[in-house]
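Let me begin by presenting the structure, written as structure tokens, before commenting on it.
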Amino acid sequence: MSKRIWHHPEVPAGETTVSWRSAGQLEDTPAFREWLDREFPQGAAEMADESEAETSRRSFLKLMGASTALAGFGMAACRRPESYIVPYTKAPEWVIPGKATYYASAMPRATGATPLVVTTFEGRPTKLAPNTLHPDAAGTDAFAQASVLDLYSPSRSRRILKAGKPAKRAELDAAIAAIAADKAAKVGFLFGADDSPTRNRLRKEIAAIFPAAKFYQYEALTPDSMDGVRMVADFTKADRILALDCDFAGIDPQGPVTAFFDCRKPEGKGYDQTPDAAKMNRLYAVEAAYSLTGGMADHRLRVAPSQVAAVAAQLARELGVSGIPSDGAITDSKQLEWISAMAADLKSHAGKSAVLAGSRQSAAVRQLAQAINLALGNIGEDKPLFAVLTEATGLGTLASLKADIDAGAIDTLFLFTPSNPVYDAPADLGFPAALAKVKTSIHHGERTDATAHACTWHIPAAHYLESWSDARSARGTYTVVQPMILPLYQDCIAETELLLALLSADGKLLAGEGEKGAPSPAYGAVRKTFATLGGEGDAAWKKLLRDGFLPGSQYASATPAAGPVSPDTVPAAPAIDSLEVIFATDASVYDGRWIDNAWLQEAPDPISKLTWDNAALIAPKTAKELGIYDEIIAIENPRALGSPDGEGENRKSPIIEVAVNGRTLEIPVLVSFGQAENTIIIPLGYGQAFDKDDELERKPANQSHVGLVGVNRGFNAYPLRDTATAYFATGATVKSTGKRYSVALVQEHSAMYGRALAREISTIDSQDDKGGFEKQLANVKKQGNDSHAPTNISLYKPMGSARWNPGPDGKAQPLINDPLHQWAMTIDLSSCMGCNACLVACQAENNIPVVGKEQVAKGREMHWIRMDRYFAVQKDNTFDADNPALVPQPVACVQCEFAPCETVCPVNATVHTEDGLNAMAYNRCIGTRYCANNCPYKARRFNFFDYNKRNPLIKHNLYRGPLGEKTVGEANHLQKNPNVTVRMRGVMEKCTYCVQRLKDSVIRQKRGQKQEALVAGKPSTEMEVTEKTLRIPVDSVKVACQEACPADAITFGNLKDEEKSAMFRAKSGERNYDLLNYIGTRPRTSYLARVKNPNPDMPDAKFIGKATIHMV
Amino acid sequence: MASTTTTAPETHTGVKLPVLEREKLILNERSYHWITERICGVVENKQPLLWWLLFIPSALIAAIGVGGGLFHLVSTGVGVWGNTNRVMWGWPIVNFVFWIGIGHAGTLISAILFLTRQNWRTSINRAAEAMTIFAVMCAGIFPAFHVGRVWFAWFLAPVPNANAVWQNFKSPLLWDVFAVSTYFTVSLIFWFLGMVPDLATIRDRCKPGLRKVIYGILALGWRGGNRQWSHYEMAYLLLAALSTPLVLSVHSVVSFDFATSVVPGWHTTIFPPYFVAGAIFGGFAMVLTIMIPARFVYGLQDLITMKHIDNMAKIILLTGTIVGYAYLMELFVAFYSGAIYEMDAFKFRIAGPYWWAYAAMMSLNVISPQFFWFKACRENLWVVMAIAMCVNVGMWFERFVIIVTTLARMWLPGDWKTFSPSAQDQMLFVGTIGMFLALFMLFLRFLPCINIAEVKWTKPEADPHFDDKEHHPDHGVKAEPAYQKELV
Amino acid sequence: MSTTRKRVYGYLAEFKSASALYKAAEKIRDAGFRKWDCYSPYPIHGLDGAMGLKRSILPWFVFFGGMTGCATAFALAYSTQVVIYPTIVQAKPANIFTVPAFFPVMFELTILFSGFTVLFGLLALIQLPRLNHPLFASKQFHRATDDGFFIAIEARDPKFSPNQTKELLAEIGGANIELVEEED
Amino acid sequence: MANIFPRWSNLLPLKIAVCAGSAAAGVALAFAYYATPKAQVVGYQPSQPIPFSHKIHVDQLGLDCRYCHSFVDVAGHSNVPTGNTCWNCHQHVQRESPKLAPLHKSMDPAFPGYDGKPIEWVRIHKSPDYVYFNHSAHVNRGISCQSCHGDVHKMEVVWQDQPHSMGWCLECHRAPEKHLRPLEEVYNFNYGDADVTKYSRDQSVKTTQDLGLKLKEQFQVKPKESCATCHH
């Protein structure tokens, strides 16, 4: 039970490096120690004397102190252990001990950098938030939120490797100098797919100096650059959107997505208008299995990925695009009807619609989409889509690199790509063999992955929060990447620094701090790049550093070529003996690069709810036909039985053998609702390394590639994949193996069981008794059990005692009585897609531990937000009964005013605050767990073990108790938020609306009173202090989940602000309802029902938006 | 029940009513001394081999299961049990309610049957009270160590402290703390006070030595003077009067843990009487389970007669039927509530993932005692023993159904997940069974297992007017006359 | 030891049955003795009347003990929940209307305090523990906890006279009449 | 049969009961006194590496608290001065004092034992890890340093003056008027009843507490008692 405890990371035996690096002018480790000290007074003292450094032991003594005190003997004689305050010798600028400092930065990514604001405490970045000033800000996704953990990851690469063995920095310096000296070197550079102006500039300079240099770009699951032309969507202008296998809201972004979600709210973005269906956009999705985008769709068509081309072609035909061959046309009359009605809708919104093709779909589909968009006039400066010209031109692909290596054109290869080509390149390319032919291959990365080991050199990369760089956001706005801290480990080097070393006269590699405290050379390089865009001078530069971006620096627009519309022959639709395998991008590990990120691994897959592994997803009917299950698995089991594979820790999925492209893979299978029949989804990126603890006793391999998080995780599907079948492969067969594998799902039951939990309405009148939009709106509060449950009558009033605790007026006052602030929240299911960004953001903000697969399987995950995901099927759905609606519902503590948890706590550890929070006093909690039983929302999480202290990722480690291995000394303790208690075992925890942020903002507001007094020049006793002085400005405090949400689905604020607060407006709307209103808990978090905006002409229109409306 | 008609007083209608002879509580006209010899013999003689065969394994199981189990638990964390964020109370609380239920028969037999002048209780109340004490000790282990930070369990005690924080007196758990500890304390007082005259008997039979000193101290110097008996009997009556509401309150308070919650399937007003009936039901079953073998081993057939067993069987039948009624009433109330959450809670109990637990509960608790309608079943000790065992198991399943099944399928289906007990769960439960048996064995070995004084008092000649034939025409038949009800 | 003068405690006589004891007791009562007692292995009904004993005062002790418990519980709960540190718990009132929630604890403490009063009240009334007593020195007295019925008349009684009392005891059916002396 | 217990044993239980009772009462009393923060931490006065005297600096020289504890009114944490802060003056004043050797070691490159390492002051006031105390929230609302730290300006060597237990915190949160001052007087250690007239023309306001009561209303000071105020 301690916060603000800092542990020195363990220095591996034989390592002589200085482990901790500071920012600013600090010179050595002791200086850094003093720097940390203000935040971690105890830790510093411990550092001072390593023999007493074991904080955990001391915390234990502290805990035991109380019980020892009970004995009552000799306490007076005990001296308390002396601790020290170690101030800075020289105070660094801007650092106020105990206060967060915020910096603008960005996370470089293939689809455009994510602009960020980074929270730092005494130089440690702890939390990322979107930079909302940025024109391309669209919240953050789970990957961005979790990326801060990579910085502190214990498995992060921290040593230079030469041929897989640790090497000295001097050796590397010599090697780099040698390359730099040889101007005729046949040197190749393999970059990632992100776009960095400085990199582009240096690339050109290198090309000038090294005439034989060649440049390539590769990321495993990002399509190769189309000569720098990229289509970007502007969702503010798109009224009708068709996603052709394109998860633009999830892992396949096509442009800033927040605007799309704003148009899902019938009341408008700020909830300030009367609900109007016409203000909403309409989304059509054509896809094989549910994606986050598909879950948002108003109309969704299930087809195998190979058939998407046929759908697109049919649409093109309907819209009169010329040159569409007629072979492979769709014959299913329902589908034809569906496409035809959609085509009419798109046509009537020509110029205001967008057809988005998945970036991993075939070129044919993308060309068709482009042709359709051109035909509809959707492309252009003020149109929903516009083409931009990136600077990533003239780059080769991985295939061309391979060819060049084979041709002997590359002797030295620098690999900067964040992907792992030895592991993730298409199997038929033979890239590992090609790489072995390169004389000197230099891998630069944060992980010692397969490529790192296959190269002659591996250089640990500095994290983007540790290095100077720049990037382009989705629409090309110049965005600076500024470091928060020097690289934690001395050998870590930034990409720019390496490139600069090659460019320097003597090939000298300068990294981290330059000589004598000068800034890193990368700083100069970025400044130089910026000078060409934003001008010279300090003012512009400082403004850039403050804002994080340069306004008006978007990409130049391009004119998209009306490319050839010649779809390849559409393959035959998959059948039971010829299945289609989709190699999917994973929502947790992406292409495999985040295999070692514990937050992402533990975040459940948004659709399958699987954690820590991947599994093949198959439609229930297909599963039965394949003989995997004896019957068709239904969404709702009338007896609420679990899966035939068991439930919780006993759940073991059958392992199937998938054979495709002449290769086989054994992988466990999960049934996936709403998936097209005869398709198999296999997420990529897993199965990178195994050790002796593997459940299936797979041969130990690659153990040095990953850390404890990434080892024994899932199944590697990359070997099945060829260049031609990079996205999907046809002709697969499946057979059972009789083996089973345990799967850790956080949600086992996907149906609402007749309970109107995640409510849904439709904008159209479906000619049932539910009426049109208005009537459905009016009845949102009356769905399900609430339609007939009588109102709650309370016999007593929540009042205090007039006799003992009177208010200022001498009368009894209400208990929840803060006149300034009453916190509340709404979650808009109409925009929530269930993407986990909030879940991971909450984990980062609130020091939530990771518990490991075994514990998740038991049902002990600690996430304060549980992302429930329900499938709801309309019983009489005659269009497609196997296409249930997907409704996500994030559930955290809803801060009930009449909180059932409070009354049952015997020790008053959870009580209400005056401002309406259900507070949790961790240090008072003894862990009876009664509160969690009595919580209808099951929003409480219990620390069954010392998850923070004992490493949960080592097999059985938690069960070894005091003998278990500790995480003490691991760097991820540095990520902890110092304002949130780190909970020990035996303590209950839960969401408290980021109370640390609320308290901080309220205190800051109160401080304003002093400022006002100073400004007014009057004595403070003549100051007028009003509610206005003390109440924080409207909607000025954001909680972590709200801040992270890319969909703006969460509003939070002060009920006392009334109409001024978006939260209040949302709450007063008709869509607002309380979850489990029947119990009468009066939750402060309420939900807004999801509105579906179907096209009345569509054949499935009357089955849309009906997830809960018929429930009574 | 043999009955003979003798002369009886006239009623106001002038009809002479037949007086039924009560069955004798002590067979074979045993003398006072025989009673003393027989009961003290259990303590004084060498223990039979069976005693050792039972005691040594139970003590070992208790040491490993309870000692080792708790050490692992406290040093490592509650996670060693099977509890999860979904099923926060799993086996430990099932076992707690199970044991506390068993701990009801003892005080109930002593107190309520004493107040209602059921003299047949005298042969069994001592052992039943001992059982209460030991069962409550076993029960107490679970909630005490169930808390996540057992070293802070003293937060439950209203001790003034520098933090100026107090307990929440609205919490049923706090009520539970008070109820269970009061119950244990008062039961202990009741048990001990009841034992003082018998300890004096043992003391007086001991040869001088350490044994005599120990029993001498425990007997407090009891002399058996009527000036002591007079106060003593008043004290016993008062304790019985206090214990009667107490025994009813304890399981009511335990049931409040459930009934005052909002959990569907728990939040029901029927719980207190249902739990109390269940506790008596299970408690008597456990008394039978233990006393039938003990009766044979120590040759106490003349003191614990078939009448005792018959009476207990009838109580099991009655309370079992009440419990069955409660089960059915729960279903009806859920159906009648019209709330899907309530209805589903019971639907999933019956047919859901733990249907087998519900089936076990119903058949063992409701159906099996119905055999006691038949006299032949009540008189066949094998049948009685079998049914008692069924009820023991069935009552454990009842608590399992109430706690685990309900928590695994609560309000939000997205949260549903079943529970599996861990090895440590099972180890600790078996350990408490061992502890219970070991303590009971020690009790048999060292303390008078039958209330010697009270048993003597039930003999007909214990009545001071036994010899006054004129005044009491029915003398020699029974200690207290019982008149058959007038038939109108 | 042998030179010590022993103090006479009184006479101890055995009776053959409970009935005999009962009748003997009535006679001794009528003879006006005060310091005497009947000893039996079990409580004999009606013997109180035969001995002229009053009803035990213990219930009054217990009544006040119980009231104290109840008041303690109420004071503890009310002062901590309403007066000193009212907390907001499920919006339940922090005033007099919250008192029903205290009933279980009030009840339990009533019983607990009563239970203790019974125990300690009883011990006080019967003056136990007292491990040493002259009667224990008697050779036959150990049967009082087995199957013997005894009457002991103390020498302290004003009506006691060494001979007459012995005669009286013999007359009313006492056997094995023994002069019990205090050991010292 | 003979008595196995001697006669003196008759009084033994009573004696044991009395002794045990008084022993228990004694332990309870001792515990109630010694095991509280009041007895445990008040008066804790460790010796510091440099015998810094608040009495000289504050009382005699008149330094403001915020000269050294410069972030007390902006941050939750009240900082201890950096080496630089001391050095500002002490490179000129009392430079040669042997007591300042640790400062020279830390700040003066010309000093023989110079190592640039910070001075390790011994921590006196320490709230537990799970307590969030914000200095700025208090000093900006009229609670003086003096209320929690005592008469620091008179201390040659600082000791802990107040127990800093939760009960002690609550006392003030329940009755802040005892400690509330005009914002101008927060850092004034000599504030007393005499100063009250400066701030109030109201004749009925005579003592600091009277003024505190008035300020409580005027500043709308409503200190919270719920857990999340300090524990999160």
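Convention: sequence-line order gives letters A, B, ...; per-chain numbering from 1.
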Any donor-acceptor pair under 3.5 Å from B/Glu233 side chain to C/Pro43 backbone: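 Pair absent, no side-chain N/O of B/Glu233 close to backbone of C/Pro43.
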Whether the side chain of C/Asp37 engages the backbone of B/Arg227 through a donor-acceptor N/O pair (distance < 3.5 Å, no angle test) should be reported.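 Pair found, side chain donor or acceptor close to backbone of B/Arg227.
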In terms of heavy-atom pairs under 4.5 Å, which option from [options] contacts chain B the most?
options                               : answer
C/Phe107, C/Phe149, C/Phe61, C/Phe103 : C/Phe107
C/Ala25, C/Ala50, C/Gly115, C/Ala77   : C/Ala77
C/Leu109, C/Ile44, C/Ile57, C/Leu76   : C/Leu76

Determine, stepwise, if the pair B/Glu461 / C/Ser17 fulfils side chain to side chain donor-acceptor pair (under 3.5 Å). CA-CA 8 Å; B/Glu461 60 267 37; C/Ser17 70; over 6 Å; no
Check B/Trp457, B/Trp229, B/Tyr32 against C/Tyr42 for a side-chain hydrogen bond (donor to acceptor under 3.5 Å, both in side chains) and give me the one that passes.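 Exactly one candidate clears the test, B/Tyr32.
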Could you name each residue pair satisfying side chain to side chain donor-acceptor pair (under 3.5 Å) that touches residues 173-191 of chain B, not counting sequence neighbours?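 Counting only pairs at least two positions apart or across chains, the side chain to side chain donor-acceptor pair (under 3.5 Å) contacts touching residues 173-191 of chain B are B/Thr107-B/Tyr183, B/Thr107-B/Ser187.
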Could you state the interatomic distance from OG1 (C/Thr145) to CZ (B/Arg205), rounded to the nearest 0.5 Å?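 So the gap between those two atoms works out to 8.5 Å.
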Options B/Val186, B/Leu237, B/Ile189, B/Leu174, ranked by heavy-atom pairs under 4.5 Å with chain C, top entry: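 Among the listed options, the one with the most contacts to chain C is B/Ile189.
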Out of B/Ser171, B/Pro245, B/Cys40, B/Ser243, which one racks up the most heavy-atom pairs below 4.5 Å with chain C?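 Top count of heavy-atom pairs under 4.5 Å with chain C: B/Pro245.
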Portion of [X] that has a non-hydrogen atom of chain B nearer than 4.5 angstrom:
X        : value
C/Arg55  : side chain
C/Leu131 : both
C/Phe150 : neither
C/Thr98  : side chain
C/Leu53  : side chain

Against chain C, label B/Ala164 side chain, backbone, both or neither, depending on which of its atoms sit under 4.5 Å from a heavy atom there.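 Backbone of B/Ala164 only, per the 4.5 Å heavy-atom cut-off to chain C.
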Check [X] against [Y] and note the closest heavy-atom contact, atom names and distance.
X        : Y        : answer
B/Ala453 : C/Pro41  : CB-O, 3.5 Å
C/Ser56  : B/His231 : OG-ND1, 2.8 Å
B/Ser230 : C/Asp48  : OG-OD2, 3.3 Å

